[in-house]
Protein chains: 2
Amino acid sequence: MTKKRISESTIHRLSLYYRALSLLEKENYDTVSSKELAKREKLTPAQVRKDLSFFGTFGTRGLGYPVRELKHQISSILGIDRVWRVALVGVGNIGSALVSYKEFAKQGFQIVKLFDNDQRKIGSNHKGIVIADIANLENELRESNIEIVVLAVPATVAQYITDDVVRAGIKAILNFAPVNLKVPPDVYLRHENMSMELEYLSFALVNNHAPKRSK
Amino acid sequence: MTKKRISESTIHRLSLYYRALSLLEKENYDTVSSKELAKREKLTPAQVRKDLSFFGTFGTRGLGYPVRELKHQISSILGIDRVWRVALVGVGNIGSALVSYKEFAKQGFQIVKLFDNDQRKIGSNHKGIVIADIANLENELRESNIEIVVLAVPATVAQYITDDVVRAGIKAILNFAPVNLKVPPDVYLRHENMSMELEYLSFALVNNHAPKRSK
DNA sequence: ATATTCTTGTGAAGCTTTTCACATAAGCTG
DNA sequence: CAGCTTATGTGAAAAGCTTCACAAGAATAT
């Protein structure tokens, strides 16, 4: 299977296209041009066409792209046309917020397991899910067929927990802790660093940084 | 003022260096090489040196970089060697979590104002801050000398609120709503799209995507 | 039916970012 | 203090990503 490596940026833009298409669908558009799609996500029409062209030809010359159809295609490319079984480790501030975060569920990311190490939380029901003891993490992850693990634990323990998660055979981890994690090469690891964007704003304000191009 | 435009990636990596240096400081390192710094954040030594070279020469040949000093320099470059007055709009799931999120405060982002439109919340005390009525957003932002606004509101109302925020003269906005926002060119706008990274994981799992290079 | 307009898909050009590779400088060793 | 080792800073090369520009296909108008 020879895959031309798709760039990270392209994949992230697919998420944007998906979002824009969902909105366009609600607004009852049948078709949309690369120009309009670009405008809505502050990109260029050429960028939109190029991105999509990596995956096939979805448009009609002179007309544009079929909204519903393209949305469906992108969801299939991104793998969000199905349900993913997600476990969340760490039911603190961030963790609790994520459990209730509608966007996740809407895109097929179903949080079906919660773990914490706090005795007061373990066994209690949080939004319909009983919080399990993190001590049983490895076994419970295996037994419940979890495919993706979200880490919302303190930075200091993130690596230990990651090691458990990896041992359980999980191949995809989303980490909210502000620390880099070591995982084997066959495990996909992504970071959500919420301070980073604030720091970018801070940098921009202090340095009068030229804003990003916006056509 | 002629500034060579620094790339977004470089700025984001500065955040990583800062984080790594904070840890190194705790571990009582006096100096660190670009090699070690790179290893800790899964980058290359050349990348580290090049990034830093945009801002000055901080290292000593044969020895490396002075940890404390470099950390301080980076915090100054990023503008996090000071306190930023931040307002948070929308005290729901995500919003509440952000108020308690220690990382922000640690880096000088002080949330000093909260706004919501829910009558049950308005006037109540949340983690030491009284929640104000979003109806008075524009005036209150002006009066309290807010410099950065964080939006954690539903996508449907995000643009209206943004317009208010812009009218209040705010020049930096961090948006958590999954929607693109229109702002004038002199306003810095960044997005925190938490679904995006999950979608990336989903894409990677489904497509057996070659993991990012990791030296 | 023909002309006109619209808009895609895509090589090629242009631009940006990363990596290479090495001169240079500082510390360390004996 | 000479030789060796370590590690920065940086032009230049390489790689990667975005934009350009246009041929070609499809719809619409006359």
Side-chain angles (χ1 to χ4, degrees), chain A residues 3-17 20-21 24 29-67 69-70 73-74 77 200 209-215, chain B residues 3-17 20-21 24 29-67 69-70 73-74 77 200 209-215:
Chain A
K3 283 186 200 301
K4 168 174 46 210
R5 198 180 184 287
I6 302 293
S7 86
E8 193 172 314
S9 322
T10 292
I11 300 165
H12 278 161
R13 282 192 299 267
L14 287 186
S15 294
L16 300 182
Y17 303 147
L21 288 163
L24 284 159
Y29 281 75
D30 284 333
T31 59
V32 63
S33 65
S34 57
K35 194 174 160 194
E36 172 68 16
L37 209 39
K39 195 183 128 211
R40 292 193 172 217
E41 294 295 341
K42 284 201 198 112
L43 302 165
T44 64
Q47 179 92 82
V48 172
R49 297 201 298 276
K50 180 65 91 180
D51 281 339
L52 296 176
S53 78
F54 293 138
F55 301 98
T57 73
F58 307 109
T60 306
R61 289 168 194 231
L63 192 63
Y65 300 92
V67 171
E69 165 68 6
L70 181 59
Q73 293 280 357
I74 291 180
I77 293 165
Y200 188 100
H209 195 237
K212 256 188 93 124
R213 94 207 108 63
S214 54
K215 282 271 164 72
Chain B
K3 283 185 200 301
K4 167 175 46 207
R5 200 181 181 287
I6 302 291
S7 86
E8 191 172 316
S9 321
T10 292
I11 300 165
H12 279 161
R13 282 191 299 266
L14 287 186
S15 294
L16 300 182
Y17 303 148
L21 288 164
L24 284 160
Y29 281 75
D30 284 333
T31 58
V32 63
S33 65
S34 58
K35 193 174 160 195
E36 172 67 16
L37 210 40
K39 196 184 128 212
R40 292 193 172 218
E41 294 296 341
K42 284 200 199 113
L43 302 164
T44 65
Q47 179 93 81
V48 172
R49 296 200 299 276
K50 181 64 94 180
D51 281 339
L52 295 176
S53 78
F54 293 137
F55 301 98
T57 73
F58 307 109
T60 306
R61 289 168 193 229
L63 193 62
Y65 300 92
V67 171
E69 166 68 6
L70 182 58
Q73 294 280 358
I74 291 179
I77 293 164
Y200 188 100
H209 195 239
K212 258 188 92 125
R213 95 209 106 63
S214 53
K215 281 272 163 72

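Just so we're on the same page: letters track the sequence lines, and every chain starts at 1.
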Checklist line | Sugar-phosphate only, base, or nothing, as touched by Lys50(B) at under 4.0 Å among non-hydrogen atoms | finding: base
Margin query: When you measure from the side-chain N and O atoms of Ser34(B) to the phosphate of dT8(D), is any distance below 4.0 Å, counting only OP1 and OP2?
Written below: yes
Next item on the list: Starting from P on dC22(C), measure out to CZ on Arg49(B) and report it in whole angstrom.
Entry: 14 Å
Checklist line | Charged tip of Arg13(B) within 45° of Phe54(B) ring normal and under 6.0 Å | finding: no
Margin query: Distance check needed: dC17(D) P versus Leu52(A) CG, whole Å only.
Written below: 17 Å
Notebook entry, point to check: Arg13(A) side chain N/O closer than 4.0 Å to the phosphate oxygens (OP1, OP2) of dT18(D)?
Noted result: yes
Checklist line | Partner of Leu24(B) under side-chain contact (heavy atoms from CB on, under 4.5 Å), chosen from Asp30(B), Thr31(B), Val32(B), Leu70(B) | finding: Val32(B)
Notebook entry, point to check: More 5' along DNA chain D: Ala46(A) or Ser33(B), using each one's nearest nucleotide?
Noted result: Ser33(B)
Next item on the list: Report yes if some heavy atom in the side chain of Tyr65(B) is under 4.5 Å from a heavy atom in the side chain of Arg49(B); otherwise report no.
Entry: yes
Note to self: On a heavy-atom basis, which atom in Leu21(A) and which in Val67(A) lie closest, and how many Å separate them?
What the structure shows: O-CG1, 3.7 Å
Notebook entry, point to check: Measuring from Ile74(B):CD1 to Phe58(B):CZ, what's the distance to the nearest 0.5 Å?
Noted result: 7.5 Å
Next item on the list: Whole angstrom is fine here: how far is it from CG in Leu37(A) over to P in dT7(C)?
Entry: 13 Å
Notebook entry, point to check: How close or far is atom C1' of dT19(D) from atom CG of Leu43(A), stated in whole angstroms?
Noted result: 13 Å
Item checked: Any Gln47(A) side-chain nitrogen or oxygen under 4.0 Å from OP1 or OP2 of dT19(D) -> yes
Could you write out each protein N or O paired with an N or O of nucleotides 25-27 of chain D at a distance under 3.5 Å?
from: dG25(D); atom 1: N2; to: Gly62(A); atom 2: N; distance (Å): 3.0
from: dA26(D); atom 1: O4'; to: Arg61(A); atom 2: O; distance (Å): 3.1

Check: Rounding to a whole Å, what distance do you find between Tyr17(A):OH and dT8(C):C1'?
Finding: 14 Å
Check: Once you round it to whole Å, what is the distance between P of dT18(D) and CD of Glu8(A)?
Finding: 11 Å
Next item on the list: Work out which heavy atom in Glu41(A) is nearest to a heavy atom in Ala20(A); give both atom names and the distance.
Entry: OE2-CB, 3.7 Å
Next item on the list: Start with the C-alpha gap between Thr10(A) and Phe55(A), add the side-chain angles, then the distance that decides, and say whether side-chain contact (heavy atoms from CB on, under 4.5 Å) holds.
Entry: CA-CA 11 Å; Thr10(A) 292; Phe55(A) 301 98; 4.1 Å; yes
Notebook entry, point to check: So, is Tyr65(B) near the phosphate of dA26(C), with a side-chain N or O under 4.0 Å from OP1 or OP2?
Noted result: no
Checklist line | Separation of atom CZ in Phe54(B) from atom P in dT10(D), rounded to whole Å | finding: 11 Å
Note to self: Between P on dT19(C) and CG on Asp51(B), what's the gap in Å once rounded to a whole number?
What the structure shows: 10 Å
Margin query: Below the 4.0 Å mark, does dG16(D) have OP1 or OP2 next to a side-chain nitrogen or oxygen of Ser7(A)?
Written below: no
